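In this text, all values refer to a predicted model and were calculated from it rather than measured experimentally. Every chain is numbered from 1, with letters handed out A, B, ... down the list of sequences.
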There are 2 protein chains.
Amino acid sequence: MTIKPAKSMTLSDIARLAGVSESTASRALRDNPVINAQTRQKVQQIAADHQFKVNATARSLRTQKSHTIAVIILFDAKTQQAITDPFLLDILGVIADELTRQGYDMLLSSSKTTDKDWRSYYFDSKRADGLIVIGQGEHDERVEQLSAAGVPFVVWGAATGTERFPVIGSDNRQGAQLAVTHLLAQGCKRIAFLGDIRHTEIEMRYLGYQDALQAAGIKPEPKLQLNTDFTAQAGYLQTQQALFTELATLDGIFAASDAIAMGAMKALLEHNIKVPQQLALVGFDDIAMSAYCTPSLTTVKQDTHAGGKLLVAQLLSRINGGKAASQLLPVKLIERQSSLRKH
Amino acid sequence: MTIKPAKSMTLSDIARLAGVSESTASRALRDNPVINAQTRQKVQQIAADHQFKVNATARSLRTQKSHTIAVIILFDAKTQQAITDPFLLDILGVIADELTRQGYDMLLSSSKTTDKDWRSYYFDSKRADGLIVIGQGEHDERVEQLSAAGVPFVVWGAATGTERFPVIGSDNRQGAQLAVTHLLAQGCKRIAFLGDIRHTEIEMRYLGYQDALQAAGIKPEPKLQLNTDFTAQAGYLQTQQALFTELATLDGIFAASDAIAMGAMKALLEHNIKVPQQLALVGFDDIAMSAYCTPSLTTVKQDTHAGGKLLVAQLLSRINGGKAASQLLPVKLIERQSSLRKH
DNA sequence: CAGCGTATTGCAATCGATTGCAATATAGCC
DNA sequence: GGCTATATTGCAATCGATTGCAATACGCTG
């Protein structure tokens, strides 16, 4: 039996219909055992019949909890366009699912919102109980401020060990080292790094790149590090440009993201450079498409599932008075065609 | 001068500090001209000094407006995994930006949330003033219910002309027709359709596919329509499977999404089928990666920017008492290597 | 039968901001 | 000087649910 959605039922209406006080109705609806079982049953039945839903706003005001988490995606001020990296969607999906599972709503910020002062906007205004910040970008001081202000938040990014706030992220340095060591094992001698090291995560990947080279007795050449945005287009253009200078002498490329790698691959193939024979290529992220380009892309897989769950778990723990700790997630090298040379 | 964020400033605190009543403080903060200019100035100054932010919850309760829109992403019950299609991220980004521009917050639902009754959850509980539903999926009756319940909402999907609610979406039929006509013009005689026609949008694309064939005097063969999920993996597997049956006689594939097309391309290349010479391939969406695979992918570009803006505009108009109308957005064929045969 | 513990229920305050209406003050006018 | 129009400000109710504490009723014990 579906009852016409009258104006809008309130707790007071339900109480009246059930012939009890608002307080009793409130407790009954939440199955408070202090209320007589029959009364509870009756109130719940009436509420169900009338499709009553607790007004979330009123509840939030009274309980001082919004049960909402704001997720803020940072990205380059330069690339003003909307979010495009598929990797983001991956982790966002996990976070969304996990928050839902824990009974929280997810408020998503956009590029433009990011202009605002999100502490004020989301936290001081009580829109959210906590924040998840994705991507530290180029050393954002706004994140530091959050920390100083005592706002519960966690960051997806790169833990450098010096932050005063919890950072969850992949072991970027280790991942890069795996990737580059793999390239070296495939016989590469001169490997370029495509990625913008002003981003902390990318900086860590660059360090891993250097680690691997040095371990092999190769001195890293700074000019082989090319700042590149997180897009296939940037990877393509950067590689094309590099063709005129260094590319002839390169035999490997480590791209800081799969999107960049795919752009690079396009440029290489256009110039009839054989991948992986002439030049081996490795990306980072393991987005869904990586397995399906040709040649398929060797890459470093980030465990987004564990990451998303951990972000949520740490934040909620912090909100509930506990501590949130930084954590490095292990990564895994996925070997595919773009780097595997037949021996 | 940053003042230590005391417990939490309320309007009442500001009023006391300014030596005025709460009502005056409230009006002053919103620059109500009925309040003396000097008083307004003073109150605003004090509020700024103390980093006061209006409590959004309290305001919502009083004004009965949440200034929040819930965005619900529907997808297959089968593929229980999180959202993966890059196209979603595109349109989501546009919607997020546009909502922010209009002063609205965006609540994002996840796969799991979708299990719930979202009318109750988001609307009846006053969490959101309206809903944007992305993807009608397989004729979801929950959408019909929303409509019956008088909830302000708009849908991104396929307008069939029979819905009783506003649907914004690309002209899928026209787009498919463009794509298939193009394939025919390239000399294709036998074209497969990869996509799950239980989704309304895909159904429309299938109709456009049939339109184009019939216009060319070709009778569509039902067995060339292969239900395929929205993933590269599904496209890959479906194409591989088709290899054993129909593929030898095919010379064209129209995939219902770029992700599917990329999976298909992978399978084709693995079997040494030359794209586009032996078999021409066209996708749908024009995701960022389409230009950067090899061969680059011919596809039908959806105008996500116009779509996102329109969704928001129509919904807000509806919320503000106006009407929201369905609308078909024009699409554009982007010709790239995967279908262009040199003559 | 008095007294007290337990089970239920209701009263009323509270969360923080907004707003209709009343109150006060000031100015202008004849 | 008396009176009205206008400019400012404040009072108090309101939005809807939650919760500490008081109130009531009932049963049981000695």
Next on the checklist: Could you write out DNA chain D as dot-bracket? Rules: Watson-Crick or G-U wobble, both distances under 3.5 Å, brackets [ ] for crossings, | for pairs with another strand, dot for unpaired.
Outcome noted: ||||||||||||||||||||||||||||||
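The shortest distance between side-chain heavy atoms of Lys126(A) and Ser8(B) falls below 4.5 Å. Between Leu11(A) and Phe52(A), some side-chain heavy-atom pair lies under the 4.5 Å cut-off. Side-chain atoms of Ile134(B) and Val71(B), non-hydrogen and from C-beta on, do get closer than 4.5 Å to each other. In this structure, the side chains of Val20(B) and Ile35(B) stay at 4.5 Å or more apart for every pair of heavy atoms. Considering only heavy atoms from C-beta on, Tyr122(B) stays 4.5 Å or farther from Val151(B) through its side chain. Between Trp156(A) and Ile91(A), some side-chain heavy-atom pair lies under the 4.5 Å cut-off.
In this structure, Arg59(B) has no salt bridge (Lys or Arg N to Asp or Glu O under 4.0 Å) partners at least two apart in sequence or on a different chain.
The minimum heavy-atom distance linking Leu315(A) with Gly130(A) is given by the pair CD2-C, 4.2 Å. Considering every non-hydrogen atom in both Gly308(A) and Ile95(A), the closest pair reads CA-CG1, 4.0 Å. In terms of heavy-atom proximity, Gln314(A) sits nearest to Lys323(A) at OE1-O, 4.3 Å. What you find for Leu329(B) and Ile168(B) is that their closest heavy atoms are CD1-CG2, 4.2 Å. Of all heavy-atom pairs spanning Ala58(A) and Leu61(B), the tightest one is CB-CD1, 3.8 Å. Closest non-hydrogen pair, His67(A) versus Asp129(A), comes out as N-OD2, 2.7 Å.
Contacts with DNA chain D (heavy atom under 4.0 Å) in residues 58-68 of chain B: Leu61(B), Arg62(B), Gln64(B), listed by number. The stretch residues 28-35 of chain B touches DNA chain D through Val34(B), Ile35(B), each having a heavy atom under 4.0 angstrom from the strand.
Bounding nucleotides for the chain A contact on DNA chain C, 5' to 3', at a heavy-atom distance below 4.0 Å, are dT8(C) to dG16(C).
Counting non-hydrogen atoms under 4.0 angstrom, Ser23(B) reaches a base of the nucleic acid. Across all strands shown, Thr39(B) has heavy atoms under 4.0 Å from sugar-phosphate atoms exclusively, and none from any base.
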Distances under 3.5 Å between nitrogen or oxygen atoms of protein and nucleotides 23-27 of chain D:
none

Checklist entry - Step by step, would you call Val94(B) with Val312(B) a side chain to side chain contact (heavy atoms under 4.5 Å, CB included)? => result CA-CA 10 Å; Val94(B) 177; Val312(B) 171; over 6 Å; no
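In this structure, Arg127(B) forms a cation-pi arrangement with Tyr121(B), its terminal cationic atom sitting closer than 6.0 Å to the ring centre and no more than 45° off the ring axis.
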